[in-house]
Amino acid sequence: MDIRFQAGGPSQWKADVVLSFVFEGENAETACSALAERAPWLGIAPAWRDFRGHKGELVMFYGPQAMEVSRVLGVGLGKADKSDLTAFRHAVGSALRRCREYDLETVGIDGASLARTAEKLGVGFDALVREAVLSAFLGLYRYERWMSKKSEHADPRRLSLMLEGEYVEDAVRAAARMAEAEAAGLMLARDVVNDPANVMTPSVFAEKAQSVASKYGMTFRVLGPSELAAEGMNAYLAVARGSSEEPRMAVVEYVPKGAEGREPVVFVGKGLCFDSGGISLKPAKGMEDMKGDMSGAAAVLGVMEALGRLAPSLAPKRPVVGVMAMAENMPGGHATRPGDIVVAKNGKSVEIVNTDAEGRLVLADALCWAQEQYRPFRLVDIATLTGACAVALGLGAAGLFSVSEELGAALHEAGTTLGERNWRLPLWTSTSLEALKSPCADMVNSGPREGGAINAAVFLQQFVGEGIAWAHIDMAAADTADNPINAKGATGFGVRTLLSAVWEKEKTLLQ
């Protein structure tokens, strides 16, 4: 879908359908005052008698077919004092899906209505442009790769932002471009997570990462079993030992012009392409969803895709490195057993008491490797790590841990504002280290059920050097969803939050 702008006021507006946003209790004159100049029939359209502007309500208004604007889709946002950005995003996603159902090719957004909505929601106009464009793309996303019968309805081919002014401001263009880049990253992340584990193997994921790097002129490298062994990454290898699929650690490095030699922002993503639990086998119910245990790595790849789309006109001042640690956790004759001891890359010994606590083993070695190679300015790992985090925070939210107050606060604000909700949780080191004690090694890989998410984060902290600005995002409860901007399946959660961390001054937050 192409993004276009129609400036010059209502006399220049043209589309198969125009979206106009309506709060409860508003009439056509209030909600669509500028649009009514182009569609004078709107104020007397009979459907207004039944349209209330309720949250989630969509009503199509029809005018004379010969007019340049003969359809207006009223998009209800509910009560103005109760509405929020989540409701707005869902409204846009639902509206674009409705337009697709009607096979409409060109869709416009009433800019005057959008500006009024931005004011009522307390955000800037360009910021709401960004959310509208992104939500349009996400609402239309669908995963039909394996369907023998595809949907008969094609996506709209054009989305136009209709503006009252003579020119399109640079901030508005930049907002739309940011949304397009974010959408590309999110949809790539969704695709690779939605792919089944017999297709999206560690080696295939590495090839996907190489393709992204090649497309945008980024540096790529991959570490297979022999390279991982040479690096002393025994905790990582222990996880992959039971699978016939070899592990791969894919690394994409983006160095914008002028950023050479500066300490980079480094992201490390957990990439378990399938997690059976290993010898500590998971229950059968829901195990099919474990193809999504690589959602953290998918989010990192999505960030690299978004950065490639934004370059070179919008680029961070530091290099950005994406480390994607891919493996499969399977039972088998060579699988790691409960009670086995491995020595991680930093020399710490780990007694593996639960082979289903595997993500932290992969991340531990990947974090050590990333610090040794890059001396990060910021280091953020993201993973579907613990069910305990889902119990603590509920579905759709991530747990956020950080040793850096500045980084933790920035990630919390970004996620909260950009629709990737997270909540900061503590690193109670003394308590968790006591819970992780082993009688025969430096630590065990899994503590008691109580405080499970904190214990996992503190475990990872043991593999982060002093003075490193590090954060850990446990997204176990946020990797799947089913809502108006998320076709049932993978969410791409984390792409927007991580992308916010590449800017030294937050350019991506809504203001």
Take V300 and L498, measure what side-chain contact (heavy atoms from CB on, under 4.5 Å) needs, and give me the verdict at the end. CA-CA 8 Å; V300 172; L498 294 181; 4.2 Å; yes
[X] bridged to [Y] by N-O distance under 4.0 Å:
X	Y	result
R130	E182	yes
K150	E144	no
E180	R177	no
R309	E305	yes
E26	R116	yes
E131	R89	yes
R71	D16	no
R38	E164	no
E405	R424	yes
D195	R145	yes

Assess, by modelled atom type and distance only, whether the side chains of [X] and [Y] contain a donor and an acceptor separated by less than 3.5 Å.
X	Y	answer
D479	T384	no
E420	T497	yes
W13	D110	no
T201	S203	yes

Is there a side-chain contact between [X] and [Y], using heavy atoms and a 4.5 Å cut-off?
X	Y	result
W41	Y62	no
Y216	M304	no
K270	L385	yes
F267	I382	no
L128	T117	yes

What residues form a side chain to side chain donor-acceptor pair (under 3.5 Å) with R100, not counting sequence neighbours?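 Listed in chain order: D155.
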Shortest non-hydrogen contact from A80 to K120?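 Reported closest heavy-atom pair: CB-CD, 4.1 Å.
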Assess R190 against Y141: is NZ or CZ under 6.0 Å from the centre of the six-membered ring, and within 45 degrees of the ring's axis? yes
If you look only at pairs with a residue in residues 70-122, which of them pass as a ring-ring contact (aromatic ring centres under 6.0 Å, His included), with sequence neighbours excluded? F21-F88
Around atom [atom1] of [X], are there more than 12 heavy atoms from other residues, nucleotides or ligands closer than 6.0 Å?
X	atom1	result
K282	NZ	yes
K215	NZ	yes
D170	CG	no
W48	CH2	yes

So does C32 get a backbone contact from the side chain of S113, meaning a donor-acceptor N/O pair under 3.5 Å?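 No; judged by distance alone, with no hydrogens or angles, the pair does not exist.
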